[in-house]
Amino acid sequence: MSDWLDDSDALAEQYADASNLNARAALHERYSTADHDLHPWLFDQFDLPPEGRVLTLGSGPGALWSENCERIPDGVDVTVTDFSPGMVEAARNNLADCSHGFDFEVMDAENISFGDETFDIVTANHMLYHVPDREAAFAEIRRVLNSGGRLYASTNGESNMQALYDVMAEIAGEALPRAAGFDLQNGAAQLDPFFERVERRTYDDALEVTAVEPLVEYALSRDEFDESDRDPLRKAFAERFEDGVFRAEKDVGVFVATA
């Protein structure tokens, strides 16, 4: 089994384009129980000034901004970045019809190519657990933030979607790697040395899935599985439905770190 969370080559392959992320996002979009989708909720947490500069690290296909396009103040400049050229291209395409303009760059969070105190806000959503040298990334984020600027870093907790991971582990024959390097339980301690204040905010959500196939597609989007696992996954997930529903509690939130 390839632990792609810690293997840079496997990670690059996983995120060469948006296909794997899209398969995972589809499950959340269709079966979330939250009052608001995650990206609008995240946007609600931002204290955006009428004018200023925002840097997004690890943007993926740009869903944060495409889902909140009409809410971005006219005077806010947004730079969208990812370490994967394929992701940056996907974000560029997904934001092409947005009335707000964006800048796009391929960028590594450990080596941000901007000067000191350039940005009012940095976002790093569900990506810091992929960064090999997080201390270097935090130092870079702090460097490019203005005094009083904020980092918004969303991530998962230890128990996020445990029911789903239990099924996948059954088929894989071992526990699957989780994004434990930077999670809701240990993230504040990592951020504290670099920021004046760190606050954790929790997103109230769960999955109530009424069809087997979206669960199977989610699993197959991971590096641990291939098409030969489709039928075993389908059978294992189907056995866990109760009254026509597969339920998985989520553990998701965002850290707000003030420079």
Side-chain angles (χ1 to χ4, degrees), residues 3-18 20-21 24 38-39 42-43 45-46 52-65 77-92 94-95 102-147 149-156 177-184 186-196 198 200 252-259:
D3 188 347
W4 52 269
L5 286 171
D6 297 321
D7 185 317
S8 59
D9 291 336
L11 187 64
E13 182 177 349
Q14 266 281 312
Y15 295 114
D17 58 37
N20 288 323
L21 275 182
R24 295 167 202 159
L38 178 60
H39 291 119
L42 283 173
F43 195 92
Q45 311 311 305
F46 298 167
R53 298 190 67 183
V54 178
L55 172 65
T56 289
L57 299 172
S59 72
L64 170 65
W65 300 109
D77 295 327
V78 181
T79 300
V80 176
T81 76
D82 198 285
F83 85 111
S84 163
M87 286 296 191
V88 173
E89 187 61 25
R92 189 190 303 274
N94 289 337
L95 293 167
F102 300 88
D103 295 317
F104 299 90
E105 289 196 32
V106 176
M107 189 175 297
D108 186 337
E110 296 175 16
N111 186 22
I112 299 174
S113 58
F114 289 98
D116 296 356
E117 299 186 7
T118 300
F119 295 97
D120 302 288
I121 286 174
V122 174
T123 73
N125 294 316
H126 282 77
M127 56 77 65
L128 284 169
Y129 39 70
H130 290 314
V131 177
D133 188 347
R134 275 184 295 278
E135 289 190 358
F138 296 149
E140 280 289 88
I141 292 168
R142 177 63 184 85
R143 179 182 65 79
V144 301
L145 274 173
N146 294 324
S147 178
R150 291 183 174 182
L151 164 67
Y152 295 88
S154 66
T155 190
N156 301 321
R178 302 295 295 267
F182 181 85
D183 60 34
L184 290 181
N186 63 30
Q190 296 181 51
L191 292 166
D192 275 338
F194 297 90
F195 295 90
E196 294 296 320
V198 178
R200 188 181 75 173
V252 179
V254 63
F255 289 106
V256 183
T258 304

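Note that this is a predicted model, so its numbers are computed, not measured. Basis for what follows: all heavy atoms, side chains included, without hydrogens, waters or symmetry-related copies.
For the pair L57/I112, a side-chain contact is recorded, criterion being any heavy-atom separation below 4.5 Å from C-beta on. The shortest side-chain heavy-atom distance between E140 and N111 falls under the 4.5 Å cut-off.
Taking CD from E117 and CG from L145, the interatomic distance works out to 9.5 Å, rounded to the nearest 0.5 Å. To the nearest 0.5 angstrom, F102 atom CZ is 11.0 Å from N94 atom CG. Taking CG of N125 as the start and CG of L38 as the end, the distance is 7.5 Å to the nearest 0.5 Å. Separation of atoms CD1 (I141) and CG (L128) is listed at 5.5 Å; rounding is to 0.5 Å. Between atom CZ of residue F46 and atom CZ of residue R150 there is a gap of 11.5 Å, rounded to the nearest 0.5 Å. Distance check: N186 CG to L191 CG gives 9.5 Å after rounding to the nearest 0.5 Å.
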In sequence, state the C-alpha distance, the side-chain angles, and the governing distance for V131 and F182, and then conclude on side chain to side chain contact (heavy atoms under 4.5 Å, CB included). CA-CA 9 Å; V131 177; F182 181 85; over 6 Å; no
Side chain to side chain contact (heavy atoms under 4.5 Å, CB included) between T79 and F114, worked out: CA-CA 11 Å; T79 300; F114 289 98; 4.0 Å; yes
Passes side chain to side chain contact (heavy atoms under 4.5 Å, CB included), Y152 versus I121? Steps please. CA-CA 8 Å; Y152 295 88; I121 286 174; 3.8 Å; yes
Given the rule in the side chain to side chain contact (heavy atoms under 4.5 Å, CB included) test, do D82 and M127 qualify, once you have shown the distances and angles that lead to the verdict? CA-CA 10 Å; D82 198 285; M127 56 77 65; over 6 Å; no
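Of all heavy-atom pairs between M107 and S113, the closest is CE-OG, 3.1 Å. Between L42 and S154, the closest heavy-atom pair is CD2-CB, 3.8 Å. Taking every heavy atom of both residues into account, T81 and L55 meet most closely at CG2-CD1, 3.7 Å. When all heavy atoms of P85 and V106 are compared, the closest pair comes out as CA-CG2, 3.9 Å.
At distances below 3.5 Å, not a single donor-acceptor pair connects side-chain atoms of T56 with backbone N or O atoms of S59. R200 contributes a side-chain N or O that, together with a main-chain N or O of L184, makes up a donor-acceptor pair within less than 3.5 Å. Checked by atom type and distance alone, the side chain of R92 never pairs as donor or acceptor with a backbone atom of G62 at under 3.5 Å. E110 places no side-chain N or O within donor-acceptor distance of the main-chain N or O of A136, the cut-off being under 3.5 Å. No side-chain donor-acceptor contact under 3.5 Å links D183 to the backbone of N156. Without hydrogens or angle criteria, Q190 side chain to G181 main chain gives a donor-acceptor distance under 3.5 Å.
For F195 and F255, the distance between ring centers is not under 6.0 angstrom.
The pair R53-D120 does not meet the salt-bridge criterion, since no charged nitrogen lies less than 4.0 angstrom from a carboxylate oxygen.
At most 12 non-hydrogen atoms from other residues, nucleotides or ligands lie less than 6.0 angstrom from CD of E135.
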